[in-house]
Amino acid sequence: TIKEFIEFFKQIPLLLVEKGFTISNIREVIECNPTDFVFIDHLQMIEKSYDERKSIDEYVRGLKQICMLRNIGIILLSQVNRMTAQRSDNKPLLEDLHGSGSIEQISDVVMLLYRDWNYKQKEGNFNDFEVNIVKHRHGLGGKIKLHFEPQFCNFKSYLNGDEIKK
């Protein structure tokens, strides 16, 4: 359940990387502060070389190597391009991720978030989200509908497609 998932994460040492970190920096921090999970916010904040696509590819590969060598999880946030605004349903696709070729090839799991309210403010609920698992190397993909309760900093899942009562 989501509650079990949250309780699990509360007990894990975490590292949050916000900006300007290189793969070398991340390795150093992990060596000095052993952790089970690293959160990186976000991919587009990496230090780039002359070739941005090559930089993203090298960064994602470097992160995968760290995962494998240290047996840790890395959650890498990324922006999507503006193509979502051109589609009728506005939902992001894997190819909307900046540098999606290397992300698609190297990642074990890719999840895309969507909030209807961003595009249809009169129709959508501000606190409703959809998580689309577009890649799962060792499992199934699919969509999960969530409702955010800001007063508790909590997400609830919709059960059997039923809407959460307000």
Side-chain angles (χ1 to χ4, degrees), residues 1-84 91-115 118 127-150 152-157:
T1 67
I2 292 178
K3 284 186 180 183
E4 291 168 339
F5 182 75
I6 291 169
E7 289 304 315
F8 171 75
F9 270 96
K10 284 182 181 177
Q11 299 173 22
I12 298 174
L14 303 173
L15 171 64
L16 176 63
V17 178
E18 293 187 83
K19 61 181 175 180
F21 269 67
T22 64
I23 294 297
S24 299
N25 296 134
I26 293 171
R27 280 193 182 109
E28 288 173 29
V29 170
I30 292 171
E31 285 175 15
C32 296
N33 307 290
T35 184
D36 293 328
F37 278 91
V38 177
F39 287 82
I40 300 174
D41 184 12
H42 60 282
L43 176 61
Q44 287 69 31
M45 297 294 289
I46 66 169
E47 290 185 14
K48 296 175 184 74
S49 65
Y50 61 93
D51 183 348
E52 186 174 359
R53 185 167 298 286
K54 186 175 179 184
S55 295
I56 289 173
D57 185 60
E58 289 171 358
Y59 197 76
V60 173
R61 287 184 191 284
L63 292 173
K64 181 68 173 195
Q65 289 173 347
I66 292 171
C67 286
M68 294 172 69
L69 291 171
R70 297 282 181 182
N71 195 29
I72 62 172
I74 294 181
I75 297 177
L76 174 62
L77 302 180
S78 178
Q79 294 177 333
V80 295
N81 63 35
R82 299 187 191 282
M83 293 304 294
T84 58
K91 294 184 179 183
L93 303 172
L94 186 57
E95 56 265 19
D96 294 328
L97 290 172
H98 191 69
S100 63
S102 54
I103 294 170
E104 181 177 1
Q105 182 182 15
I106 298 166
S107 300
D108 289 332
V109 177
V110 178
M111 294 186 269
L112 301 172
L113 297 178
Y114 170 75
R115 183 168 67 172
N118 287 357
N127 294 325
D128 287 349
F129 290 80
E130 180 180 276
V131 178
N132 186 3
I133 304 167
V134 294
K135 178 184 179 185
H136 193 310
R137 190 180 307 271
H138 305 292
L140 299 174
K143 295 179 181 176
I144 303 165
K145 292 190 177 193
L146 300 175
H147 180 78
F148 181 61
E149 297 177 312
F152 304 112
C153 291
N154 185 46
F155 281 94
K156 282 189 171 182
S157 65

Do I26 and Y59 pass the side-chain contact (heavy atoms from CB on, under 4.5 Å) test, and can you show the C-alpha distance, the side-chain angles, and the key distance before you say yes or no? CA-CA 11 Å; I26 293 171; Y59 197 76; 3.4 Å; yes
Considering only heavy atoms from C-beta outward, does the side chain of [X] approach that of [Y] to under 4.5 Å?
X    : Y    : result
Y114 : F129 : no
D108 : K64  : yes
L97  : L43  : no
I106 : R61  : yes
T35  : V38  : yes
I66  : R27  : yes
I56  : E58  : no
V110 : S107 : yes

Find the distance between CD (E95) and CD1 (I103) and round it off to the nearest 0.5 Å. 12.0 Å
Supply the atom-to-atom distance L146 CG to K156 NZ, rounded to the nearest 0.5 angstrom. 12.0 Å
With a 3.5 Å distance limit and no angle check, can you tell me whether D96 reaches the backbone of L93 through a side-chain donor-acceptor pair? yes
Can you see which heavy atom on [X] is nearest to which on [Y], and at what distance?
X    : Y    : result
P92  : V80  : CB-CG1, 4.1 Å
D57  : S102 : OD1-CB, 3.0 Å
V109 : M111 : CG1-CG, 4.0 Å

Check the surroundings of atom CZ in R137: do more than 12 heavy atoms from other residues, nucleotides or ligands lie under 6.0 Å from it? yes
Salt-bridge contact E104-K135 (side-chain N to carboxylate O under 4.0 Å): no
List for me each residue that meets side-chain hydrogen bond (donor to acceptor under 3.5 Å, both in side chains) alongside K91, sequence neighbours excluded, and say none if there are none. E130
Mind checking side-chain contact (heavy atoms from CB on, under 4.5 Å) for P150 and listing every partner two or more places apart, or none if nothing turns up? N127, F148
Result block: side-chain N/O donor-acceptor pairs under 3.5 angstrom for residues 70-78, not counting sequence neighbours:
unit_1 : atom_1 : unit_2 : atom_2 : d
R70    : NH2    : E31    : OE2    : 3.4
S78    : OG     : Q44    : NE2    : 3.1

